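Since the model is a prediction, treat every value here as computed from it, not as a measurement. Values below: all heavy atoms of this structure, side chains included; hydrogens, waters and symmetry mates excluded.
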Amino acid sequence: MRPPGSLFTRVLLTLVLSFGSFALITFGSALYYVLYPVVQRSTADLAAIIELSARTLSLLPQQARADYQARLLDEYQVRLLIGSEPPRELDNFFYPYVVRLSQALSRRMGQPVQMQSNLIDGRRWFWVDLETSAGTIWAGIPRDRIGTRPLIGAVVICALAVLLVLVTAAILARRVTAPLTRLARAAEEVAKGRSPKPLPESGPRELANLARQFNETSQQVRELLADRTVLLAGISHDLRTPLTRLRLALEMLPAETDPALSARMQRDIEEMSAQIGQAVELGGTLGAGERHRADLTQLISEVVGNRPRILWRPLGRCIHSVNAPALRRILGNLIENALRYSTATVEVRLDCRHQTPALFVLDRGPGIPDEEREAVFRPFYRLERSRNRSTGGSGLGLAVARQLAIANAMEIELANRDQGGLIASIRLPTPRAGDDTEGAH
């Protein structure tokens with residue numbers, strides 16, 4: 001049997017088992033050491049009263065018996081009937097106290113005795129036949145004389161114990177797991193490149209220390225990201241100056257310079273400039289932006305523009321709250337990636353039928369092996385192992401798209417198409433409170 005998955009369930013189950021075991025042991029101990037001796041003493045006393053009353057009645061003169069029977073019924077609620085004819089409609093009726101009373105009478109009479117029951121005017125009576133010097137005497141007591149309801153009491157005690165155990169265990173488990181749940185959610189936000197609000201540094205000392213350490217670590221991560229952005233921006237600034245000088249030197253080369261050599265140098269400079277720009281884009285502009293209501297159909301049309309080999313059929317307006325600049329960059333990177341690896345038509349689709357719209361870019365390229373489906377989102381990872389940018393790109397397009405999507409609560413997935421090709425899907429964020437969305441029409 002597999003253990004429960006969540007920490008809350010495990011803690012709750014542990015506390016329920018612990019408290020439940022303690023409650024059962026306590027209930028059993030009270031039953032055995034307190035209630036059982038009281039019942040034994042009570043049944044022994046009542047058995048003695050019944051036996052002595054029956055023997056006394058058998059010794060009294062005939063004229064005094066009726067008065068004695070009336071006083072016994074009035075003061076002790078014990079009814080005595082003389083004669084071998086049993087009370088009418090007797091049957092077996094299980095009642096724990098009566099079982100103990102039968103055992104006590106058996107010990108006093110020196111022979112097995114079993115009490116039977118019937119209803120008289122709506123009252124439950126228990127009867128036993130006793131052999132005396134005057135013959136058989138039937139002794140009966142009403143159920144309400146006993147006064148105890150052990151089954152009902154046991155049910156009430158068990159129900160209250162279970163309820164108390166569950167409520168107490170749930171409260172304790174929630175107090176333990178709630179800070180850890182908040183910590184897990186905040187850690188997930190950090191893993192996605194976002195900056196969560198600082199956790200409250202309150203509660204038990206250990207959890208407060210954990211929250212404090214997490215807040216400090218989160219702050220250090222933010223500072224490292226900021227330092228990375230500044231570093232990349234500085235490198236870009238420092239490298240663009242020598243690149244400009246190289247361009248100027250290339251323009252000032254003598255006229256007899258080999259044109260092929262000049263063209264290769266020009267391509268190298270442009271490639272270096274493009275790689276620097278993409279590296280800066282990867283590190284400096286990938287944060288979460290503000291969401292605003294935008295027409296996704298119009299946004300896609302602007303990104304597609306007049307590019308060749310793209311099939312896009314606008315089907316109507318689709319209003320959704322989204323970070324439009326981030327979505328434009330993500331969609332543009334996916335389209336460029338599809339055009340690079342596919343010579344056939346690239347299709348762009350929009351599904352606006354649900355609360356979270358989805359965009360799809362479909363191509364008929366070679367696809368991506370399953371084992372490399374996630375690796376292609378790493379910076380500078382290229383399926384095409386050569387260093388030729390014209391055939392394999394720089395390895396930053398999908399990395400930029402993934403980081404932008406994570407920062408803006410979007411999801412990107414890649415899947416191979418039937419009969420070859422790739423499907424790149426963009427799932428937009430779920431509307432937040434106050435966001436107004438409007439489906440296609």
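- The CZ atom of Arg317 sits 10.5 Å away from the CG atom of Leu296 when rounded to the nearest 0.5 Å.
- Salt bridge Arg349/Glu347: present, at least one basic N to carboxylate O contact under 4.0 Å.
- Counted by atom type alone, Arg212 and Asn215 present zero donor-acceptor pairs between their side chains at under 3.5 Å.
- Here the OG atom belonging to Ser425 is positioned 7.5 Å from the CG atom belonging to Leu414, to the nearest 0.5 angstrom.
- When all heavy atoms are compared, the tightest approach of Cys318 to Asp295 is N-OD1, 3.1 Å.
- Taking a 6.0 Å sphere around CZ of Arg307, one finds it holds more than 12 heavy atoms contributed by other residues, nucleotides or ligands.
- No donor-acceptor pair under 3.5 Å is formed between the side chain of Thr345 and the backbone N or O of Ile310.
- One side chain, Trp312 or Ser301, offers a donor N or O that lies under 3.5 Å from an acceptor on the other.
- Side-chain contact annotation: Tyr97 with Ser42, donor-acceptor N/O pair under 3.5 Å present.
- Within 6.0 Å of CD on Glu411 lie no more than 12 heavy atoms contributed by other residues, nucleotides or ligands.
- Listed here is the closest heavy atom pair of Ile330 and Ala405: CD1-N, 3.6 Å.
- Atom CD of Glu89 has 12 or fewer neighbouring heavy atoms from other residues, nucleotides or ligands inside a 6.0 Å radius.
- With rounding to the nearest 0.5 Å, the separation of CG in Leu331 from CD in Glu336 is 10.0 Å.
- Across all non-hydrogen atoms, the minimal contact from Asn333 to Ala401 is ND2-N, 4.1 Å.
- For the pair Arg143 and Phe126, the cation does not sit on the ring face, since its NZ or CZ is not both under 6.0 Å from the ring centre and inside 45° of the axis.
- The residues Arg328 and Glu302 are annotated as salt-bridged, a charged nitrogen and a carboxylate oxygen being separated by less than 4.0 angstrom.
- Across Arg145 and Tyr76, no two heavy atoms sit closer than the pair NE-O, 2.6 Å.
- A salt bridge links Arg353 to Asp351: one of the charged nitrogens lies within less than 4.0 Å of a carboxylate oxygen.
- Atom-to-atom distance recorded for Leu57:CG and Gln69:CD is 5.0 Å, nearest 0.5 angstrom.
- A donor-acceptor pair under 3.5 Å links the side-chain atoms of Asn416 to the main chain of Ile368, judged by distance alone.
- Side-chain atoms of Glu131 and Thr136 form a donor-acceptor pair, as typed in the model, at a separation below 3.5 Å.
- To the nearest 0.5 Å, the span separating CG on Asp45 from CG on Leu101 amounts to 11.0 Å.
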>> With salt bridge (Lys or Arg N to Asp or Glu O under 4.0 Å) as the criterion, how do Arg55 and Glu51 come out once you've worked through the C-alpha distance, each side chain's angles and the decisive distance to 0.1 Å?
In response: CA-CA 6 Å; Arg55 294 189 183 281; Glu51 182 198 11; 3.2 Å; yes
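- Heavy-atom contacts from other residues, nucleotides or ligands closer than 6.0 Å to CZ of Arg309 number more than 12.
- Atom CD of Glu413 is surrounded by 12 or fewer heavy atoms from other residues, nucleotides or ligands within 6.0 Å.
- Taking every heavy atom of both residues into account, Ala324 and Leu299 meet most closely at CB-CD1, 3.7 Å.
- Minimum interatomic distance between Asn408 and Pro429 (heavy atoms only, all atoms of both residues): O-CG, 3.9 Å.
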